[in-house]
Asker: 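Here you go, one structure.
Sequence lines set the chain letters: A, B, ... in the order given, protein chains first and strands last, and positions in each chain run from 1.
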Number of protein chains: 2
Amino acid sequence: MATLKDVAERAEVTVTTVSRVINNRGYISEQTRKKVYDVMKELNYQPNELARSLSMQRTNTIGIIVPHIVHPYFAKLISNLENAAANKGYKILLCNSKAKNEKELEYIQMCKSNRVSGIVLCSRNVDIEEMKNLDIPVITIERNLEAGTVGIQCDNYQGGCLATEHLISLGCKNLLHLSGIKNENMPADARAEGFIAVCEKHGVRHREVMATSTIYNTLDYHEHIRKAIEEDPGVDGIFASSDLIAAQTIQICAEMNISIPGQIRLVGFDDVDIARLTTPTITTIRQPVREMAEWAIEFIQRSLDHEAVPEQFKLPVTLVKRNST
Amino acid sequence: MATLKDVAERAEVTVTTVSRVINNRGYISEQTRKKVYDVMKELNYQPNELARSLSMQRTNTIGIIVPHIVHPYFAKLISNLENAAANKGYKILLCNSKAKNEKELEYIQMCKSNRVSGIVLCSRNVDIEEMKNLDIPVITIERNLEAGTVGIQCDNYQGGCLATEHLISLGCKNLLHLSGIKNENMPADARAEGFIAVCEKHGVRHREVMATSTIYNTLDYHEHIRKAIEEDPGVDGIFASSDLIAAQTIQICAEMNISIPGQIRLVGFDDVDIARLTTPTITTIRQPVREMAEWAIEFIQRSLDHEAVPEQFKLPVTLVKRNST
DNA sequence: GAAAATATGTCAAGCGGTTGACATGAAGCA
DNA sequence: TGCTTCATGTCAACCGCTTGACATATTTTC
């Protein structure tokens, strides 16, 4: 592959001049600039980013660590992050931790070795200690991480409230919340808090059923949901803590011959594509994923520029009414 | 951040020795090895992969270029590629071309600049010319690319046949094939060929309706599907060329009060997660995505080792019976 | 007791680019 | 004419790591 030197020789200038052309520094005549560009095209030259990064002591790479890729929420998040990153000239190093501690650590080390500009962490079991001597900006999304990192999340509590208020306003008297795994690191827990607060406020009968991490890892909630419904057949409103769970709830109800929204009204969370692909479509709480992704990249940039960034950044959610309620 | 030199000084050895420890070359006593490792831990040292790659003239990075990330098929593919890559010590540079020509080119250049070990191309509009002077192994998945690159695909023709045979064996007499966009670069076109061949063989009435690229880009086939069904209300079997289309077909049928599988039997393609999340679940043609991903990584490795790799590699598909037929 | 294997060290070039310091012309203009 | 501004060149250090060549010392092994 052609190098800077090759280009310089062929264009009959020095490497300094070529470098100046590429990086737009110093004085360069239009003539020389054109000549250099011509030779670059002729030799099919592509600057070696590795050498460049090494020399400049910075890469334009952002590491993304997620616990799942096929999970529609993370797929959407990754897509938006990639987009926001590309718009600012960053590229993406994608890591799938499979929600495993050791893989998370391994990937964080890997990101460090590759001198990424920043890390977007959407998976989190790692001890905070590990993050301390990292010297790399870390932004978490929908995870709590106290140690001086920046956390972006949607207003989960508000989401829980919105969903529950909606169900109650439709006349539901016996609510069930299918929550995810309990984990102090997950702000999603606040969805349940909102649910409970609103139910108590209105004096509505309610119950919460949590998933196990085994279920979370396989993403198959079917039996779990069936059991939860069978335990209390009088349920007339369900708030699922993700659209994925909501979609599976629809299936279980169909099997049990329970009509949605006839007998049970259902609200999901996230507003990912499947919410529009099920029958009926799912009324859900919309996370502003695009904005969350854009802020994540923005905050990484600000950190690199030594600008101040908030420790916690919470974005509002909205209710999207569809056919399941 | 600590460098090799820092470690060497602190461990009272030379950089050569430390490098030998890290790369497991030459003779090293257990004592020295331990000492070096201790210091590395103490200084929280992480070798600079950039410098390493530059020096060794090779990275362990693989570029993946896809036209969509949220599309469940690509999400599944990315997930499997990441997994296969990680198992062999590669990391992933993720690129979303949005099915746009210029972005594809841009990303290919970017991969080149970053000296990736190989590119997995799942998006393809690029002129073949661009690929010729690339010096990087390129593996395509479900795309045709004649110019000396390796193409992995599933047996789309066989898939079309299997789906159609299945529908006919269930007694369908009036078949509709909802195909994707027509594109000479897409082997998925063979699905329609298989469909037609089997219909003709059995003398079954059949019709194919193609999508436009506008639809493909938004991934919203609803109106397209509705029109296709309204044009011929007598349809009793539909072969959708993706599970995404099949899922939307279920919705349209529900709206039109057509029961599945009662009045229309439906077969999808891909076997992605949504096929198990709809009501009814979707009978589909399963692509062996995991194997395809593993072979892709394997072929990149073989190319790097100058081993021979096949030009075309086709894997068999299977029918997965669920509730839509 | 000599040869071979083991364990380190020294030195320095090379990977491909960036960048600062400094020099040298030429054109522009007061 | 003298002073800027512009355009380029030369030289070389530096980023952090790899690696070959060669030297030296200590252990093993036959």
Side-chain angles (χ1 to χ4, degrees), chain A residues 1-40 43-61 109-117 135-136, chain B residues 1-40 43-61 109-117 135-136:
Chain A
M1 271 190 197
T3 70
L4 236 207
K5 210 168 146 195
D6 299 331
V7 175
E9 277 169 13
R10 190 147 178 94
E12 295 172 305
V13 294
T14 59
V15 290
T16 307
T17 306
V18 178
S19 179
R20 278 180 187 144
V21 170
I22 293 177
N23 298 297
N24 252 314
R25 296 176 53 254
Y27 298 114
I28 292 290
S29 67
E30 260 321 304
Q31 203 180 343
T32 312
R33 187 188 303 276
K34 184 176 176 331
K35 174 102 193 202
V36 170
Y37 276 126
D38 287 350
V39 174
M40 278 170 52
L43 297 184
N44 193 22
Y45 171 74
Q46 283 295 124
N48 184 328
E49 277 297 327
L50 295 170
R52 238 178 153 193
S53 295
L54 178 60
S55 180
M56 298 204 288
Q57 303 268 59
R58 70 168 309 212
T59 62
N60 287 309
T61 307
Q109 302 293 20
M110 195 262 267
C111 284
K112 194 175 171 191
S113 275
N114 284 280
R115 300 299 189 266
V116 296
S117 297
D135 321 311
I136 295 178
Chain B
M1 272 191 196
T3 69
L4 237 206
K5 211 170 144 193
D6 299 331
V7 175
E9 276 168 13
R10 191 145 178 94
E12 295 173 304
V13 295
T14 60
V15 290
T16 307
T17 305
V18 178
S19 177
R20 276 179 187 144
V21 169
I22 294 176
N23 297 295
N24 251 313
R25 297 175 53 252
Y27 299 113
I28 293 289
S29 67
E30 260 322 302
Q31 204 182 338
T32 310
R33 187 187 304 275
K34 184 174 179 329
K35 173 103 194 204
V36 169
Y37 276 127
D38 286 349
V39 174
M40 280 170 50
L43 296 183
N44 194 20
Y45 170 75
Q46 284 294 124
N48 185 327
E49 276 298 326
L50 295 170
R52 230 170 161 204
S53 296
L54 178 61
S55 179
M56 297 204 289
Q57 303 266 63
R58 69 167 310 210
T59 62
N60 287 310
T61 307
Q109 303 292 20
M110 194 263 265
C111 284
K112 194 175 169 188
S113 276
N114 284 280
R115 301 298 190 267
V116 297
S117 296
D135 321 310
I136 294 178

Asker: Can you confirm whether the side chains of R52(B) and N23(B) place a donor and an acceptor under 3.5 Å from each other?
Answerer: yes
Asker: Have T14(B) and T17(B) got a donor and an acceptor in their side chains that come within less than 3.5 Å?
Answerer: yes
Asker: Assign each of G26(A) and Q46(B) to its nearest nucleotide of DNA chain D by heavy atoms, then name whichever residue's nucleotide is nearer the 5' end.
Answerer: G26(A)
Asker: Give me the residues of residues 11-25 of chain B where at least one heavy atom lies under 4.0 Å from an atom of DNA chain C, by number, or none.
Answerer: E12(B), V13(B), T14(B), T16(B), T17(B), R20(B)
Asker: Give, for atom CE of M56(B) and atom CD of E49(B), the distance between the pair rounded to the nearest 0.5 Å.
Answerer: 7.0 Å
Asker: I need the minimum non-hydrogen distance between S113(A) and P47(B), along with the two atoms involved.
Answerer: OG-O, 3.2 Å
Asker: Do you know the tightest heavy-atom contact between R58(A) and S117(A)?
Answerer: NH2-OG, 4.4 Å
Asker: Looking at N114(A), L50(A), L54(A), which hits side chain to side chain contact (heavy atoms under 4.5 Å, CB included) with S53(B)?
Answerer: L50(A)
Asker: How long is the line joining CG of L4(B) and C1' of dT19(D), in whole Å?
Answerer: 12 Å
Asker: Heavy-atom contacts under 4.0 Å between residues 52-61 of chain B and DNA chain C, which residues?
Answerer: L54(B), S55(B), Q57(B)
Asker: Residues of residues 27-34 of chain B with any non-hydrogen atom less than 4.0 angstrom from an atom of DNA chain C: list those, numerically ordered, please.
Answerer: Y27(B), I28(B), S29(B), T32(B)
Asker: Over all heavy atoms of both residues, which pair between M1(B) and D135(A) is shortest? Give the atoms and the distance, please.
Answerer: CG-OD2, 3.8 Å
